[in-house]
Amino acid sequence: LKIACFNDQVFYSKKVLIATGAFTNFFNLLKEKVVLKLKSETTIWVKANEKEAQRLQSLPSLLYKINESEVQDIYLIQPVKYPDGNFYLKMGANIPDDNYFTYLEEIQQWFKNKGSIDISSLRNSLQSILPGLSASGCYEKRCIVCYTFHGKPYIGPIDDKGLYIAAGGNGYAAMSSDALGKIATNIFLEKSFPPSFSEKDFKPVFEKEI
């Protein structure tokens with residue numbers, strides 16, 4: 001396989017794994033598009049000091065299935081230290097301002113138009129879940145959820161020439177990224193699957209097949 005980069009560098013490899021999330025079907029990365037439903041996701045990142053991060057280090061990843069008018073299906077992960085040296089607790093949910101995307105231009109506009117969404121409902125929900133949380137700032141961050149046809153990630157080959165994809169977190173990737181990365185690595189390098197799963201569970205589904 002030949003990989004040509006924008007800076008004119010060229011690389012060759014026997015196998016290539018494409019893990020480009022919401023952009024999987026764009027930029028002509030694939031000859032045939034896979035079935036992916038793309039939805040906007042608004043998250044808040046709450047800045048916490050190191051003492052507060054230590055206090056919450058045993059906090060498990062939370063998936064809270066609720067059906068309220070302003071906030072639905074909350075996910076929350078404990079404070080993590082980021083490259084800027086600060087700790088941030090991340091929370092996201094489905095809100096009325098969510099949109100579904102079909103075209104690349106819609107996605108680009110979504111990421112560019114920051115600050116246009118009211119995140120007070122997310123802040124209030126977080127305060128209800130963690131009433132004693134000590135934070136020095138709250139910031140809006142934008143994300144996209146990729147839903148696959150069968151509800152499990154697409155992880156596997158898409159041709160017989162060594163091209164693989166890993167795409168579609170179905171709303172769980174924020175809290176399961178390490179595990180999904182390990183699964184993808186094992187499938188890509190060793191063709192081994194988690195216990196009780198097989199190749200068909202993660203098989204990519206193409207639009208032409210539906």
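We're numbering straight along the sequence, starting at 1.
In this view, S196 satisfies the side-chain hydrogen bond (donor to acceptor under 3.5 Å, both in side chains) rule with no residue, not counting sequence neighbours. Taking the side-chain hydrogen bond (donor to acceptor under 3.5 Å, both in side chains) definition, one finds that N49 meets it with nothing, sequence neighbours left out. Scored by the side-chain hydrogen bond (donor to acceptor under 3.5 Å, both in side chains) test, N7 finds Q9 as partners (sequence neighbours excluded). In this view, S13 satisfies the side-chain hydrogen bond (donor to acceptor under 3.5 Å, both in side chains) rule with no residue, not counting sequence neighbours. Scored by the ring pair (Phe, Tyr, Trp, His ring centres under 6.0 Å) test, F193 finds no partners at all (sequence neighbours excluded).
Listed by first then second residue, pairs satisfying salt bridge (charged side-chain N to carboxylate O under 4.0 Å, His left out) with a partner in residues 43-55 read E52-R55, not counting sequence neighbours. Contacts classified as ring-ring contact (aromatic ring centres under 6.0 Å, His included) and involving residues 2-42 (residues at least two apart or in different chains) are not found. Residues in residues 144-155 take part in these side-chain hydrogen bond (donor to acceptor under 3.5 Å, both in side chains) pairs, two or more places apart or across chains: T148-N170. The side-chain hydrogen bond (donor to acceptor under 3.5 Å, both in side chains) pairs that include a residue from residues 132-144 are S116-R142, E140-R142, where partners are two or more places apart or lie in different chains. For residues 23-37, the set of pairs meeting the side-chain hydrogen bond (donor to acceptor under 3.5 Å, both in side chains) definition, not counting sequence neighbours, comprises T20-T24.
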Tell me which donor-acceptor pairs under 3.5 Å the side chains of residues 101-112 have, and how far apart each pair is, sequence neighbours excluded?
unit_1	atom_1	unit_2	atom_2	d
E106	OE1	T102	N	2.7
E106	OE1	Y103	N	2.9
W110	NE1	C143	O	3.2

Could you go through residues 70-96 and list every donor-acceptor pair under 3.5 Å that involves a side-chain atom there, pairing it with any protein atom two or more places apart or in another chain?
unit_1	atom_1	unit_2	atom_2	d
Q72	NE2	N67	OD1	2.9
Q72	NE2	E68	O	3.3
D73	OD2	N94	ND2	3.4
Q78	NE2	Q57	O	2.9
Q78	NE2	L59	O	2.9
D84	OD1	N86	N	2.9
D84	OD2	N86	ND2	3.3
D84	OD2	Y88	OH	2.8
N86	ND2	Y88	OH	3.4
N94	OD1	K39	NZ	2.9

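Nearest heavy-atom pair across F202 and I183 is CZ-CG2, 4.3 Å. Residues V145 and G171 share a closest heavy-atom pair of CG1-N, 3.4 Å.
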